[in-house]
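As structure tokens, the structure follows; a few thoughts come after it.
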Amino acid sequence: MTDPRISPHLPDWIRDHLQRYLASNGEDGHLWDATVAGGTGLVPTLVLTTTGRKSGKPLTLPLIYGRAGNSYVVIASKGGAPHHPAWYLNLDANPEVEVQVKAECFRARARTATGTERDALWRQLVEIYHPYQKYQAATSREIPVVVLVSGQDGAGKGE
């Protein structure tokens with residue numbers, strides 16, 4: 001049975017990765033082979049669930065992540081497309097999200113990093129996944145860097 005949180009419009013390789021991650025509680029999928037999408041080696045991924053800004057339904061995606069203290073950091077690149085990905089527009093409308101890292105699931109509040117914080121986090125994530133540089137060069141929009149702060153770590157910080 002298909003998980004209702006998984007969009008049928010995702011490319012097969014992303015849908016497969018997400019299904020394996022969810023079915024195995026991250027045992028299969030936490031470390032993702034980035035060579036499939038132009039990267040090198042294995043990179044850590046988490047599962048992010050946002051609430052659809054139009055539908056009100058959950059939308060779940062696997063994303064490459066980094067860390068900033070106790071928070072997680074993701075990039076809204078959409079491969080350098082001219083528009084932000086739907087998941088970013090969703091969390092911009094409703095920053096309350098669910099996150100799964102391996103088997104750990106928790107609620108978090110998303111915020112977009114700015115200024116020097118954004119610059120530092122951007123460099124950190126580019127070290128994890130080099131194609132982000134190419135994606136930024138391909139678009140005129142500034143690709144958002146999103147910090148996911150868990151409820152127990154003070155979701156209001158930085159706002």
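Between the CG atom of Leu61 and the CG atom of Leu46 there is a distance of 10.5 Å, given to the nearest 0.5 Å. Lys57 NZ to Thr50 OG1: the interatomic distance, rounded to the nearest 0.5 Å, is 13.5 Å. Atoms CD1 and CD1, from Ile75 and Ile64 in turn, are 9.5 Å apart once rounded to the nearest 0.5 Å. The distance from atom CD of Gln133 to atom CD1 of Ile143, rounded to the nearest 0.5 Å, is 11.0 Å. Between Asp16 atom CG and Ile6 atom CD1 the span is 10.0 Å, to the nearest 0.5 Å. Annotation: the span from Leu91 atom CG to Leu148 atom CG amounts to 7.5 Å, rounded to 0.5 Å.
Within the structure, the salt bridge (charged side-chain N to carboxylate O under 4.0 Å, His left out) test picks out the following pairs touching residues 126-143 (sequence neighbours left out): Arg118-Glu142. Among residues at least two apart or in separate chains, side chain to side chain donor-acceptor pair (under 3.5 Å) pairs with a member in residues 27-38 are Arg20-Asp28, His30-Tyr65, Asp33-Thr35.
Listed here is the closest heavy atom pair of Thr139 and Pro82: OG1-CA, 3.6 Å. The two residues Ala34 and Tyr129 make their nearest non-hydrogen contact at CB-CE1, 3.8 Å. In terms of heavy atoms, Ser77 sits closest to Tyr132 at OG-CE2, 3.8 Å. Contact between Val149 and Ser71 at its shortest, heavy atoms only, is CG2-OG, 3.5 Å. Smallest separation of non-hydrogen atoms from Ala37 and Pro131: O-CG, 4.4 Å. When every heavy atom of Gly66 is checked against every heavy atom of Ile128, the shortest pair comes out as CA-CD1, 3.8 Å.
Cluster membership check: Val47 shares its hydrophobic cluster with Trp13, using side-chain heavy-atom separations under 4.5 Å among Ile, Leu, Val, Met, Phe, Trp and Tyr. Under the 4.5 Å side-chain heavy-atom criterion for ILVMFWY residues, no single connected hydrophobic cluster contains both Leu42 and Val36.
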Show your reasoning for whether side-chain contact (heavy atoms from CB on, under 4.5 Å) applies to Leu18 and Thr60.
CA-CA 8 Å; Leu18 181 54; Thr60 303; 3.9 Å; yes
Derivation and outcome, side-chain contact (heavy atoms from CB on, under 4.5 Å), residues Leu59 and Ser7
CA-CA 7 Å; Leu59 174 66; Ser7 170; 3.9 Å; yes
With side-chain contact (heavy atoms from CB on, under 4.5 Å) as the test, would you mind laying out the steps for Val73 and Leu125 before giving the verdict?
CA-CA 8 Å; Val73 181; Leu125 271 288; 3.7 Å; yes
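The local environment of NZ in Lys78 is crowded, with over 12 non-hydrogen atoms from other residues, nucleotides or ligands closer than 6.0 Å.
For the pair Gln136 (side chain) and Gly80 (backbone), a donor-acceptor distance under 3.5 Å is absent. Between the side chain of Gln100 and the backbone N or O of Lys102 there is at least one donor-acceptor pair closer than 3.5 Å. The main-chain N or O of Thr45 is found under 3.5 Å from a side-chain atom of Tyr21 such that the two form a donor-acceptor pair. The backbone N or O of Leu10 sits less than 3.5 Å from a side-chain atom of Arg15, completing a donor-acceptor pair. A distance-only check finds a donor-acceptor pair linking the side chain of Asn90 to the backbone of Arg53 [under 3.5 Å].
Residues meeting the side chain to side chain donor-acceptor pair (under 3.5 Å) test with Arg123, sequence neighbours left out: none. Judged as a side-chain contact (heavy atoms from CB on, under 4.5 Å), and not counting sequence neighbours, the contacts of Glu98 are Thr49, Arg107. Residues passing the side-chain contact (heavy atoms from CB on, under 4.5 Å) test with Thr40 are His130, sequence neighbours excluded. In terms of the ring pair (Phe, Tyr, Trp, His ring centres under 6.0 Å) criterion, residue partners of Tyr88 (sequence neighbours excluded) are, by chain and number, His84.
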